[in-house]
Protein chains: 2
Amino acid sequence: MRPESEVFREFLIHKGMRSTPEREEILAEVFAHHDHFDVEELIMRLRRRGLRISRASVYRTLALLVESGMVGEVYIEDGHMHYEHIYGHEHHCHLRCLGCRKLIEFRNGSLKEMEKRIGQENDFEIIGHKLEIYGYCAACRGEES
Amino acid sequence: MRPESEVFREFLIHKGMRSTPEREEILAEVFAHHDHFDVEELIMRLRRRGLRISRASVYRTLALLVESGMVGEVYIEDGHMHYEHIYGHEHHCHLRCLGCRKLIEFRNGSLKEMEKRIGQENDFEIIGHKLEIYGYCAACRGEES
DNA sequence: TTGTAAATGAGACTCTATATCATTATTTTA
DNA sequence: TAAAATAATGATATAGAGTCTCATTTACAA
Ligand SMILES: [Mn+2]
Ligand SMILES: [Mn+2]
Ligand SMILES: [Zn+2]
Ligand SMILES: [Zn+2]
């Protein structure tokens, strides 16, 4: 698998855009952790590494990463957008606990077939999906009973 | 099936809250159309009916309707929340066209079984799900080729 | 009818995200 | 390499969604 930096640089060049230190640092930080982060958290992580990249550039670069398909948006009912890196990872969906708000990842092969069927039934060319299942995790069920 | 107003009133009473003309009018308007609306649109519809209900009350009442389960939140990448009435309707998911942004509803029986399996595999008590599939509708595919 | 607790409405406020624009950096061209 | 052209950055202003405050009004129950 080709390194993230290379793929991103190619994406930028293809769009007639430039590779900059800021963009490379943000990319590196985004791929340094596997979790669901928000912009504020990302800025903090960059700061901790001694980098003072402006909020505007962080927002702009995240938009580019999403457009490139290397980063995904995660909807968390929290008033602001969250993100996760995707490139190099198998597609997954999210289980959300309504008790502790924890987000659990799970893989789901059978959605592929379902997608195919739904596409045919609705005359739709399907590119992807977002599935979030919500309920209660083991820990939260235990506490209540 | 019991009328919306009755169900909502019961929900309010159960919470120690009061039934008010504003809440009833908002409820009625929400159930007057089957579509995916935002707060601004809802306020406009109320205005057209000669009602001047404050923005704050509309927001507050929508939150109650969502809490009651009669109304669902619809995530549209548009900078603000959208809603749809749910009570009295079979559960459905959304197909979104990346071309014209149209939102198509579809029903999906096989997700029930999938939910069951995923719940067992992840030790999760599943309450519900949100599935959005995105791709290109027939019209948008036609235009391009 | 009266008292009390809750809801409304106007507007201030918060917060996320975007737009603006002067300055700085990168890339191209000569 | 130097100069010109183009794009990106960062500081800050701005926009917009949604929440909060609080004085006034209303619903409900005693
Ligand atoms: Mn994830
Ligand atoms: Mn719908
Ligand atoms: Zn939990
Ligand atoms: Zn379309």
Side-chain angles (χ1 to χ4, degrees), chain A residues 5 8-30 36-47 49-68 71-83, chain B residues 5-6 8-30 36-47 49-68 71-84:
Chain A
S5 56
F8 189 41
R9 202 169 303 144
E10 214 165 82
F11 167 82
L12 290 171
I13 290 168
H14 180 75
K15 286 200 54 157
M17 301 181 90
R18 294 171 181 175
S19 183
T20 68
E22 288 81 5
R23 285 173 178 165
E24 305 218 350
E25 295 289 6
I26 291 167
L27 175 78
E29 195 57 49
V30 163
H36 307 97
F37 60 92
D38 60 19
V39 170
E40 219 51 42
E41 174 63 23
L42 178 55
I43 289 171
M44 282 307 163
R45 288 175 183 177
L46 290 163
R47 288 256 161 100
R49 275 182 33 194
L51 299 163
R52 292 289 142 92
I53 300 176
S54 74
R55 203 167 299 274
S57 286
V58 173
Y59 274 103
R60 285 186 285 231
T61 302
L62 271 174
L64 289 169
L65 287 167
V66 170
E67 191 188 335
S68 78
V71 166
E73 296 179 324
V74 181
Y75 298 99
I76 292 183
E77 298 174 37
D78 192 19
H80 55 276
M81 187 60 74
H82 290 239
Y83 301 87
Chain B
S5 57
E6 196 180 311
F8 189 40
R9 202 169 305 144
E10 215 164 83
F11 168 82
L12 290 172
I13 289 168
H14 180 73
K15 285 200 51 153
M17 301 180 90
R18 294 169 181 178
S19 183
T20 67
E22 289 81 5
R23 286 173 178 165
E24 306 219 349
E25 296 288 6
I26 290 167
L27 175 78
E29 195 55 49
V30 163
H36 307 97
F37 60 92
D38 59 20
V39 171
E40 218 52 41
E41 173 64 22
L42 178 55
I43 290 172
M44 283 306 164
R45 288 176 182 175
L46 290 163
R47 289 256 161 100
R49 274 181 37 191
L51 300 164
R52 291 290 141 91
I53 300 176
S54 74
R55 203 168 300 273
S57 285
V58 173
Y59 272 104
R60 285 186 284 231
T61 302
L62 272 174
L64 288 170
L65 286 168
V66 169
E67 191 190 334
S68 79
V71 166
E73 294 179 326
V74 181
Y75 298 99
I76 290 183
E77 297 175 39
D78 192 19
H80 55 276
M81 187 60 76
H82 290 240
Y83 301 87
E84 65 183 345

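These values consider heavy atoms only, across backbone and side chains, with no hydrogens, waters or symmetry-generated copies. Being a predicted model, the structure only gives us computed values, none of them experimental. A note on names: the letters A, B, ... follow the listed sequences, proteins ahead of strands, and every chain is numbered from 1.
One finds the CG atom of A:L51 at 9.0 Å from the CD1 atom of A:I26 (value rounded to the nearest 0.5 Å). Here the straight-line distance linking atom CZ of A:R49 with atom CD of A:E25 works out to 5.0 Å at 0.5 Å rounding. Here B:S19 contributes atom OG and B:I13 contributes atom CD1; the two are 7.0 Å apart, rounded to the nearest 0.5 Å. Atom OG of B:S57 and atom CG of B:L46 lie 10.5 Å apart (nearest 0.5 Å).
Applying the 4.0 Å criterion to OP1 and OP2 of D:dT9, one finds that A:S54 has every side-chain N and O outside that range. The phosphate of D:dG10 has neither OP1 nor OP2 within less than 4.0 Å of any side-chain N or O from A:R60. Dashed line: the shortest gap from a side-chain N or O of A:Y59 to OP1 or OP2 of C:dT18 is not under 4.0 Å. One finds no side-chain N or O of A:R52 lying less than 4.0 angstrom from the OP1 or OP2 phosphate oxygen of D:dG10.
Taking 4.5 Å as the limit, some side-chain heavy atom of B:E29 sits within range of a side-chain heavy atom of B:L42. In this structure, the side chains of B:E73 and B:V66 come closer than 4.5 Å at one or more pairs of heavy atoms.
The side chain of A:H80 sits closest to C:dA17 out of D:dG18, D:dA8, C:dA17.
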One character per nucleotide, please: for nucleotides 24-30 of chain D, 5' to 3', B when the base has a protein heavy atom closer than 4.0 Å, S when only the sugar-phosphate does, - otherwise.
---BS--

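For A:F11 against A:L64, the heavy-atom pair with the smallest separation is CE2-O, 3.6 Å.
In this entry the distance linking CG of A:D78 with P of C:dA17 reads 10 Å, nearest Å. Atom-to-atom, OH of A:Y75 to P of C:dT16 comes out at 17 Å; the value is rounded to the nearest Å. Computed from coordinates, the B:E25 CD to C:dT8 C1' distance equals 14 Å when rounded to whole Å. The CG atom of A:L64 sits 14 Å away from the P atom of D:dA7 (whole-angstrom rounding). Between the CD atom of A:E24 and the P atom of C:dA25 there is a distance of 16 Å, given to the nearest Å. Distance CG (A:L12) to C1' (D:dT9): 15 Å, rounded to an integer number of Å.
Of the possible polar contacts, none joining the B:R45 side chain to the B:V30 backbone as a donor-acceptor pair under 3.5 Å is found.
Between B:I53 and A:V39, it is B:I53 whose nearest contact on DNA chain C lies nearer the 5' terminus.
Helix bend of the helix from C:dT1-D:dA30 to C:dA30-D:dT1: the angle between its two end axes, each built from five pairs, comes to 30° after rounding to 10°.
Ion pairing of B:R55 with B:E40 is present here, as a side-chain N (NZ or NE/NH1/NH2) and a carboxylate O approach within less than 4.0 Å.
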